[in-house]
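All values reported here derive from a predicted model rather than from experimental measurement.
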Amino acid sequence: MMVGLRVDFSMLLEPLGFVKVLEWILAIFAFATCGGFQGETTLLVSCKGVVNKTITAAFAYPFRLNTVVFSAPDPEGCGGTWTDAYLMGNFSSSAQFFVTLAALVFLYCLTALVVYIGYNHVYQQNNKFPLTDLVISVLTAFLWLVSTFVWAKALADIKVSTGASIIPGIESCKAPGTTCHFLSVTSMGILNVSVAFGLLNMILWAGNVWLVYKDTNLHSQWNRISESPTERV
């Protein structure tokens, strides 16, 4: 068996190589759209000595909202009636699960492409490589399914925790003479896109399972089994 490097970019035109390039690209987008987000939610506050002052709470990946604070709208804390108010919820585990998976998939796709392009002859001659590729593809498709739905649920909760519904939970806004109005929150459209990329990755990896399966001896064995009754007839 020849194990030396044999560079052949034509593999990228084959379904297995082309899909791997798409998986690599989509992993980058999933990582960037979730991991690169920064936003803020803004309130309009009137209290003792302060009229219509905006206060903001800035949040970002990994979305530990319970560490994000609305500080007092003035140096004297509304005459002593204002205490720092924190957002609710810690969604870091869901966000980091999604982003970490995207990073690992990115690295695996790079490794697989190196094998496909430079060592395809070894890949085809040793069935252990296609079998390993098959197991990883099945596991990755499943993990994309789980991480995407977990992240989608967390995103829905993040929208609630940074939206207008936060005002009733801020004790300082209930102080006599203090009024709080929800003003705005950064659009989370890019985070919606990250969920869409997660779904696309899941679909793509599910399709990849079939492509890799055809390169294993499991497929050829199944074909022999299915054809043998006809041959006996």
Side-chain angles (χ1 to χ4, degrees), residues 18-43 56-70 85-113 132-170 182-212:
F18 182 71
V19 167
K20 195 62 66 183
V21 172
L22 291 180
E23 291 168 345
W24 177 65
I25 294 173
L26 289 181
I28 295 174
F29 283 125
F31 178 93
T33 51
C34 179
F37 180 83
Q38 293 183 338
E40 61 181 26
T41 183
T42 306
L43 305 181
T56 60
F59 57 96
Y61 173 84
F63 305 103
R64 295 187 179 95
L65 299 188
N66 56 344
T67 65
V68 177
V69 62
F70 283 109
Y86 290 84
L87 296 178
M88 299 294 292
N90 183 350
F91 307 98
S92 60
S93 58
S94 300
Q96 288 175 326
F97 179 23
F98 185 83
V99 169
T100 300
L101 176 62
L104 292 176
V105 168
F106 168 81
L107 294 175
Y108 176 72
C109 287
L110 278 181
T111 303
L113 285 171
T132 302
D133 202 4
L134 177 62
V135 172
I136 293 176
S137 296
V138 172
L139 179 61
T140 303
F142 174 74
L143 289 177
W144 273 122
L145 171 66
V146 174
S147 66
T148 298
F149 280 94
V150 168
W151 168 232
K153 175 60 170 61
L155 177 56
D157 293 337
I158 290 170
K159 291 177 180 179
V160 172
S161 298
T162 58
S165 61
I166 63 177
I167 292 180
I170 300 177
F182 179 77
L183 196 60
S184 65
V185 64
T186 302
S187 172
M188 298 186 194
I190 193 67
L191 296 181
N192 293 333
V193 172
S194 72
V195 173
F197 278 126
L199 292 173
L200 286 174
N201 273 292
M202 179 193 68
I203 294 170
L204 200 58
W205 277 92
N208 187 71
V209 169
W210 170 248
L211 294 176
V212 177

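- Judged by distance alone, the side chain of Thr162 and the main-chain N or O of Thr41 form no donor-acceptor pair under 3.5 Å.
- Using a 4.5 Å heavy-atom threshold, the side chains of Thr140 and Tyr108 count as separate.
- In terms of modelled atom types and a separation under 3.5 Å, the side chain of Ser165 and the main chain of Val160 share a donor-acceptor contact.
- Contact check for Leu87 versus Phe70: side-chain heavy atoms found under the 4.5 Å cut-off.
- Ring geometry for Phe59 versus Phe37: interplanar angle of 30 to 60°, hence tilted.
- Screening Leu211, Asp133, Ile25 against Lys20 for a side-chain contact (heavy atoms from CB on, under 4.5 Å) leaves a single residue, Asp133.
- Side chain of Asn201 to main chain of Phe197: a donor-acceptor pair is present (N/O by atom type, distance under 3.5 Å, no hydrogens or angles).
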- Query: Please walk me through it: do Trp151 and Phe63 pass ring pair (Phe, Tyr, Trp, His ring centres under 6.0 Å)?
  - Reply: CA-CA 11 Å; Trp151 168 232; Phe63 305 103; 5.6 Å; yes
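- A donor-acceptor pair under 3.5 Å is absent between the side-chain atoms of Thr148 and the main chain of Val195, judged by distance alone.
- Taking the six-membered ring where the residue is Trp, the centroids of Phe98 and Trp144 are separated by under 6.0 Å.
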- Task: Please lay out, stage by stage, how Phe29 and Trp24 fare under the test ring pair (Phe, Tyr, Trp, His ring centres under 6.0 Å).
- Result: CA-CA 9 Å; Phe29 283 125; Trp24 177 65; over 10 Å; no
- Message: Using the rule given for side-chain contact (heavy atoms from CB on, under 4.5 Å), can you reason through Leu191 versus Thr33, listing the C-alpha separation, both sets of side-chain angles and the distance that settles it, and then say yes or no?
- Response: CA-CA 6 Å; Leu191 296 181; Thr33 51; over 6 Å; no
